[in-house]
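What follows is a single structure, written as structure tokens, with notes after it.
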Amino acid sequence: MLSKLAFRNAKRSIQDYIIYLITVTLAFSLIFSFNLIIFSEDILELSAMMKNFQLSIIVVSIIVILVVGWLIYYTMKFMLQKRSKEFATYMILGIKQKQMIKMFLVENIILGVLSLFISFFIGTILSQLMTLIIMNIFQLPYQVSFSLNSKPILLTLFYFILIYLFGLWKAKRKIKKMKLRDLLYLDKTNEKKANRLSQLNPVIFLFSFISGISALILFHQAIKSIMENNSTPAGLYILISLVLIIISIYGVTTTIPDFLISTLMKKKKIKYSGNNLIIIRQFTSKIKTMGLTIGTLSLLVTLTWIALNVSNMFYGVFQTQTENQAPYDIMIYNIYSETEEEIGNDNPPLQQYLDFVSDQYEIEDKITYNVYTNRETPIRKYISNGLVGYQPYDCYLKLSDYNQLLKMRGLKEIALKDDEYFIHTFRDVEKELKNYLHDHQNIQIGEYTLRNKGMTSRNYTTAWSRGSSYIVIVPDQVITDNFEVINQITMIDTKEETTEQFSERMHEKFPPKVYVEDGDTYQTLISIQQVTIRGEVLSENRSMATILTFSLMYLAFIFIAVVGTILSIQSLSDSTKYRYRYITLHKLGMSEHQINKTLAKQLLIFFITPIIYPLLISISTAYSLSYVFDAFMKSDYTIFSYVLFNIFLFLFIYIIYYLATYFGFKKNIREEIKE
């Protein structure tokens with residue numbers, strides 16, 4: 001009998017908690033899809049670094065388990081609260097508490113198993129979609145295929161058991177402590193208010209908000225000091241700022257109702273305009289009873305936006321890094337031909353490298369050029385040491401070599417007059433160089449006085465000159481016998497794409513040079529790779545981009561789903577918990593259209609509350625992190641575009657939850673009014 005009753009109640013609960021079930025299904029679908037990916041041979045064989053993808057996703061899954069476990073327990077509490085009178089009736093009819101607990105737990109297990117079963121199908125489809133995206137990142141063809149692997153299924157089952165054991169254990173403990181009276185009045189109780197100092201709440205709100213702004217400023221200054229290599233204990237300041245931000249989030253969200261009352265309710269025009277009085281009262285009474293929950297949701301929203309922003313930033317960094325590190329298929333540094341004598345050069349001659357490449361690929365284009373210096377620093381002395389690299393002097397490149405390098409990359413060549421020079425630099429150095437050029441248009445190089453033709457940071461690559469983050473382009477005749485060659489570099493473009501496997505063979509054939517630097521009390525071993533292969537750099541950067549981006553996106557989507565579900569469940573529970581309010585309003589003459597309009601505003605304010613402050617925090621932290629990532633972005637507006645895109649992505653998903661909640665709420669109220 002109890003098993004039939006549990007099954008009937010589970011069936012009925014599907015209708016009441018459809019949004020919760022959809023969220024749990026999507027959560028397990030994401031978990032299962034990622035488990036399928038990390039055990040996919042197609043993915044693991046993309047590069048050697050993709051082995052780390054497994055560990056990354058498993059670590060992230062631990063956080064997901066905790067968050068989804070909390071969601072399930074939180075929802076179970078609401079299910080218990082909604083049906084408390086039903087359970088009280090069971091106890092009055094003589095059903096023992098132990099049997100009632102068993103029935104409730106069986107109901108939730110049935111709902112959970114149903115969600116898990118559906119998630120296997122959805123997760124399989126999602127895994128194919130994500131595999132297609134990953135293959136697109138690696139620019140490889142992919143054909144959709146389905147294969148049965150027990151490892152992802154077993155791992156997902158393990159996560160499911162952990163999550164539901166936690167939720168069921170917490171729910172069981174809660175029910176065991178409850179008496180008949182508790183069940184009879186459970187649907188009338190609210191969450192404990194986090195802050196009882198109502199008179200001081202407006203002051204606490206302002207103090208928490210100001211503390212949060214101060215923490216964001218401290219975080220910004222700490223990040224800035226790290227990038228400027230200051231001696232400030234930036235790590236400690238970042239930790240302090242993060243703790244203050246978390247405290248501020250809870251402080252603002254738990255005191256905002258009293259702050260609103262103390263400000264809005266004193267303004268009669270706002271207070272008595274339309275249905276504002278009803279909306280403000282409904283909102284503040286709701287928020288007051290779930291301050292800690294709103295604080296936690298605001299924290300999750302903050303983490304969501306930060307995760308989305310950082311994932312996009314990392315993706316942009318690794319895309320740019322490839323062009324910065326490996327703009328050509330093969331780069332050979334400081335390897336000389338047999339006819340050139342170089343003191344201390346113990347590498348095989350250049351021709352041996354070229355022969356090895358020719359055996360594997362057809363060479364399409366090639367250039368060997370020199371980077372020069374006259375051991376003077378007319379520009380470098382104006383640039384911060386932390387930005388220019390390890391070369392102590394200004395580095396020069398002949399115009400003819402520079403134009404050939406541009407041509408190999410498919411870029412437009414430049415023209416210089418005999419008395420002109422041009423600077424190509426990394427974005428990190430561009431601002432200081434602009435300041436330099438503002439006051440110094442002319443430069444003395446040897447016997448030539450040259451004026452600046454221009455400067456660019458677009459398409460710059462550190463591969464042009466090792467150890468320098470800018471290069472000075474001069475007419476060929478400027479470089480005389482008095483100049484010293486500090487780098488001789490060979491750039492090769494092959495007809496076929498180079499691969500990570502070829503790079504491994506190349507490094508085995510020509511191992512890195514190892515130098516020993518002697519210090520007063522220690523020795524440092526330095527391994528310098530003489531050859532850079534684009535295929536290897538591409539593989540590494542694509543792997544890192546995939547690992548970091550997918551891990552952070554995984555967390556972000558779980559957090560969005562949890563926030564939307566909690567707000568939806570809280571709102572839908574009100575549709576029956578406070579139905580007498582809406583019935584009374586209707587009897588007093590408020591039309592159904594006016595009630596719906598009031599509901600829409602009320603829910604909108606409720607849904608907006610946990611995201612306003614996190615939006616401010618996420619924009620501020622993104623701006624601060626731009627100091628770290630900006631140098632690797634394509635333009636000054638790239639990070640701004642990422643932030644804007646992530647805001648719209650979040651709001652798109654969030655609005656779906658809002659609309660689903662609104663229509664569900666309206667449906668329940670309409671049924672009550674018609675009755």
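- Here the side chain of S539 pairs no donor or acceptor atom with the backbone of E536 at under 3.5 angstrom.
- Within the model, atoms CG of L308 and CG of L303 stand 11.0 Å from one another, a figure rounded to the nearest 0.5 Å.
- Side-chain atoms of T253 come within 3.5 Å of backbone N or O of I249 as a donor-acceptor pair.
- For the pair L155 and F34, the minimum side-chain heavy-atom distance is 4.5 Å or more.
- In this structure, the side chains of I110 and L114 stay at 4.5 Å or more apart for every pair of heavy atoms.
- When all heavy atoms of T549 and S311 are compared, the pair lying nearest together is OG1-O, 3.5 Å.
- Side-chain contact between V64 and L555 is present, with heavy atoms from C-beta onward closer than 4.5 Å.
- The two residues A545 and Y315 have their closest heavy-atom pair at CB-CD1, 3.9 Å.
- Residues L36 and S127 approach most closely at CD1-OG, 3.4 Å, considering heavy atoms.
- Between Y662 and Y658, the angle of the ring planes stays under 30°, which puts this pair in the parallel group of the 30/60° scheme.
- You'll find the side chain of L548 stays beyond 4.5 Å of the side chain of S551, heavy atoms only.
- When side chains are defined from C-beta on, N35 counts as touching Y159, because their heavy atoms get closer than 4.5 Å.
- At least one donor-acceptor pair under 3.5 Å links the side chain of T565 to the backbone N or O of A561.
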task: Given side chain to side chain contact (heavy atoms under 4.5 Å, CB included), test L567 with Y657 step by step and report yes or no.
output: CA-CA 9 Å; L567 291 174; Y657 274 97; over 6 Å; no
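- Proximity of a side-chain donor or acceptor of T546 to a complementary backbone N or O of R542 within less than 3.5 Å is detected.
- Here the closest non-hydrogen pair linking A556 and T304 is O-CG2, 3.7 Å.
- To the nearest 0.5 Å, atom CZ of residue R505 and atom CZ of residue F502 are 7.0 Å apart.
- In plain terms, the two heavy atoms of S248 and G212 that are nearest each other are OG-CA, 3.3 Å.
- Atom OG of S115 sits about 8.0 Å away from atom CD1 of I72, to the nearest 0.5 Å.
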task: Take L297 and T609 through the test side chain to side chain contact (heavy atoms under 4.5 Å, CB included) and record every step on the way to the result.
output: CA-CA 10 Å; L297 296 183; T609 300; over 6 Å; no
message: F559 vs I63, test: side chain to side chain contact (heavy atoms under 4.5 Å, CB included). Steps then yes/no.
response: CA-CA 10 Å; F559 289 166; I63 302 174; 4.2 Å; yes
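- With sequence neighbours excluded, the residues that form a side chain to side chain contact (heavy atoms under 4.5 Å, CB included) with Q325 are Q321, V537, N541.
- Checking side-chain atoms of Y654 against main-chain N and O of F607 turns up a donor-acceptor pair under 3.5 Å.
- Here M50 contributes atom CE and N52 contributes atom CG; the two are 9.0 Å apart, rounded to the nearest 0.5 Å.
- The backbone N or O of F53 lies less than 3.5 Å from no partner atom in the side chain of S56, so there is not a single donor-acceptor pair.
- Here the straight-line distance linking atom CD1 of I161 with atom CG of L168 works out to 11.5 Å at 0.5 Å rounding.
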Intermediate values then yes/no, side-chain hydrogen bond (donor to acceptor under 3.5 Å, both in side chains), Y250 and S298: CA-CA 8 Å; Y250 279 97; S298 296; over 6 Å; no
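- Rounding to the nearest 0.5 Å places CZ of F219 at 11.5 Å from CD1 of I617.
- In this structure, S61 and Y554 have side chains that are in contact, with non-hydrogen atoms separated by less than 4.5 Å.
- Atom OH of Y623 sits in a sparse spot, with 12 or fewer heavy atoms from other residues, nucleotides or ligands closer than 6.0 Å.
- Aromatic ring pairs are classed by plane angle as parallel below 30°, tilted from 30° to 60° and perpendicular above 60°; the pair F166 and W169 is tilted.
- Under a 3.5 Å cut-off, the side chain of N309 and the backbone N or O of A622 do not form any donor-acceptor pair.
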message: What verdict does the side chain to side chain contact (heavy atoms under 4.5 Å, CB included) test give for V24 and Y164, after you've listed the backbone C-alpha separation in whole Å, the side-chain angles of each residue and the deciding distance to 0.1 Å?
response: CA-CA 11 Å; V24 172; Y164 266 84; 4.1 Å; yes
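- Put simply, the side chain of T621 does not reach to within 4.5 Å of the side chain of W305, judged on heavy atoms.
- Using cut-offs of 30° and 60° on the angle between ring planes, the pair F32 and F120 is perpendicular.
- Nearest approach of S33 to G123, heavy atoms of both residues: CB-O, 3.2 Å.
- Between I653 and F557, some side-chain heavy-atom pair lies under the 4.5 Å cut-off.
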